[in-house]
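Structure first, commentary second.
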Amino acid sequence: MYDTKWSFYVEATIRETMSRFSLRPTDRLLDVGCGTGALLHRLSATYPGAQLSGVEPVPKMLAIARRRLSPSIELHEGWAERLPFASEQFDAVVSCNMFHYIRKPIAALQEMRRVLRPDGQLIITDWCDDYWSCRVCDLYLRLFNHAHFKTYRERECVQLLQEAGYAVVHIDRYRINWLWGMMTARVMKDTA
Ligand SMILES: C[S@@+](CC[C@H](N)C(=O)[O-])C[C@H]1O[C@@H](n2cnc3c(N)ncnc32)[C@H](O)[C@@H]1O
């Protein structure tokens with residue numbers, strides 16, 4: 001249902017996100033808010049040797065991901081603000097179309113930082129409030145969809161990432177069609 005209704009959007013955001021980072025052959029990656037597993041599915045085809053994991057709080061979404069993905073991909077029920085993993089486990093943490101749900105964004109970014117290895121990278125794609133169409137959607141959803149929390153402008157996103165301890169912040173802004181304006185942030189855990 002989610003995949004069918006949102007197929008253009010999911011395809012486009014996966015393509016844009018994957019074009020902005022790469023993995024080494026055996027890297028370990030975590031997808032936070034993996035939903036039905038669309039990004040993990042694509043990553044497993046592109047990087048067959050990578051060790052992929054996903055975390056998702058909604059059991060129905062997770063069940064679809066379980067059916068779709070190879071059993072070698074580890075899936076866990078859990079929240080971004082309290083990731084069910086030991087520290088410094090992952091070479092990459094990625095999150096696509098999830099950040100506007102987060103009620104405690106700094107806590108979530110700190111958790112993602114905690115589970116990254118020292119040279120690990122964080123990649124986040126979500127709507128960007130610098131586009132007027134996204135600001136309208138954000139206001140509408142804040143009023144009528146209680147699951148939605150907030151979307152951010154690029155400068156707010158930089159501020160959040162810096163507050164959570166990431167030093168160099170690189171953000172690309174782009175449209176995937178007339179309605180959806182996106183941003184992808186790619187940052188390293190440690191930049192020294
Ligand atoms: C719009 S869907 C995107 C799913 C997938 N990442 C994609 O791009 O197809 C957002 C997902 O984030 C999950 N989510 C919501 N709040 C979350 C939180 N606090 N921590 C982790 N995931 C969350 C939702 O359950 C949902 O599956």
Side-chain angles (χ1 to χ4, degrees), residues 1-21 23 29-46 50 52-69 73-85 89-90 92-116 122-129 133-134 137-138 140-142 144-152 157 160-161 164 172 174-177 179-186:
M1 167 75 176
Y2 169 82
D3 291 328
T4 317
K5 186 173 170 193
W6 291 93
S7 62
F8 162 77
Y9 175 84
V10 171
E11 278 302 310
T13 53
I14 285 177
R15 186 182 62 242
E16 293 289 345
T17 303
M18 283 184 63
S19 73
R20 287 175 167 79
F21 76 99
L23 296 179
L29 172 141
L30 173 65
D31 181 0
V32 180
C34 67
T36 58
L39 175 61
L40 288 170
H41 189 252
R42 192 63 57 82
L43 285 165
S44 67
T46 307
L52 304 176
S53 303
V55 63
E56 164 60 44
V58 175
K60 273 190 186 166
M61 301 288 264
L62 207 51
I64 297 172
R66 282 213 168 93
R67 284 200 295 276
R68 166 189 266 172
L69 298 170
I73 299 179
E74 278 182 31
L75 295 171
H76 299 260
E77 196 173 317
W79 299 88
E81 298 86 337
R82 200 168 172 195
L83 292 171
F85 301 98
Q89 296 286 300
F90 296 97
V93 170
V94 64
S95 177
C96 213
N97 306 314
M98 185 281 290
F99 209 70
H100 54 276
Y101 290 97
I102 297 279
R103 273 153 178 71
K104 294 184 178 166
I106 301 283
L109 289 171
Q110 284 172 338
E111 270 296 87
M112 295 175 190
R113 191 164 188 278
R114 178 184 67 76
V115 302
L116 276 171
L122 170 69
I123 306 101
I124 295 184
T125 294
D126 206 357
W127 306 342
C128 179
D129 252 9
S133 50
C134 290
C137 289
D138 182 37
Y140 176 85
L141 291 171
R142 281 203 222 185
F144 297 111
N145 180 348
H146 80 277
H148 176 88
F149 182 62
K150 180 179 165 31
T151 53
Y152 299 91
C157 188
L160 287 175
L161 285 159
D172 281 340
Y174 51 91
R175 278 193 183 279
I176 55 171
N177 64 6
L179 177 61
W180 300 113
M182 311 297 301
M183 59 183 164
T184 297
R186 179 170 174 262

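Atoms within a ligand are numbered from 1 in the order they appear, just like the ligands themselves. Computed from a predicted model, the values in this text were never measured in an experiment. Only heavy atoms go into these numbers, but all of them, side chains included; no hydrogens, no water, no symmetry mates.
Here the rule is side chain to side chain contact (heavy atoms under 4.5 Å, CB included) with Leu30, and of Val55, Val94, Leu40, Leu116 only Val55 fits it. Checked against Glu56 for a side chain to side chain contact (heavy atoms under 4.5 Å, CB included), the options Met98, Glu77, Met61 give a single hit: Met61. Screening Leu39, Asp31, Leu43 for a side chain to side chain contact (heavy atoms under 4.5 Å, CB included) involving Leu52 leaves a single residue, Leu43.
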TODO: Using the side chain to side chain donor-acceptor pair (under 3.5 Å) rule, take Asn97 and Tyr9 through it: C-alpha gap first, then chi angles, then the decisive distance, then the call.
DONE: CA-CA 10 Å; Asn97 306 314; Tyr9 175 84; 2.7 Å; yes
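Aromatic ring centres of Phe99 and Phe149: separated by at least 6.0 Å.
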Enumerate the pairs of nitrogen or oxygen atoms, one from ligand 1 and one from the protein, separated by less than 3.5 angstrom; state names and distance to 0.1 Å.
residue, atom, partner, partner atom, Å
ligand 1, 6 (N), Gly33, O, 2.8
ligand 1, 6 (N), Cys96, O, 2.8
ligand 1, 8 (O), Cys96, O, 3.2
ligand 1, 8 (O), Asn97, ND2, 3.0
ligand 1, 9 (O), Tyr2, OH, 3.4
ligand 1, 19 (N), Glu81, OE1, 3.0
ligand 1, 19 (N), Glu81, OE2, 3.4
ligand 1, 20 (N), Ala80, N, 2.9
ligand 1, 25 (O), Glu56, OE2, 2.6
ligand 1, 27 (O), Glu56, OE1, 2.7
ligand 1, 27 (O), Glu56, OE2, 3.1

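Within the 4.5 Å cutoff, side-chain heavy atoms of Thr36 are placed close to those of Arg68.
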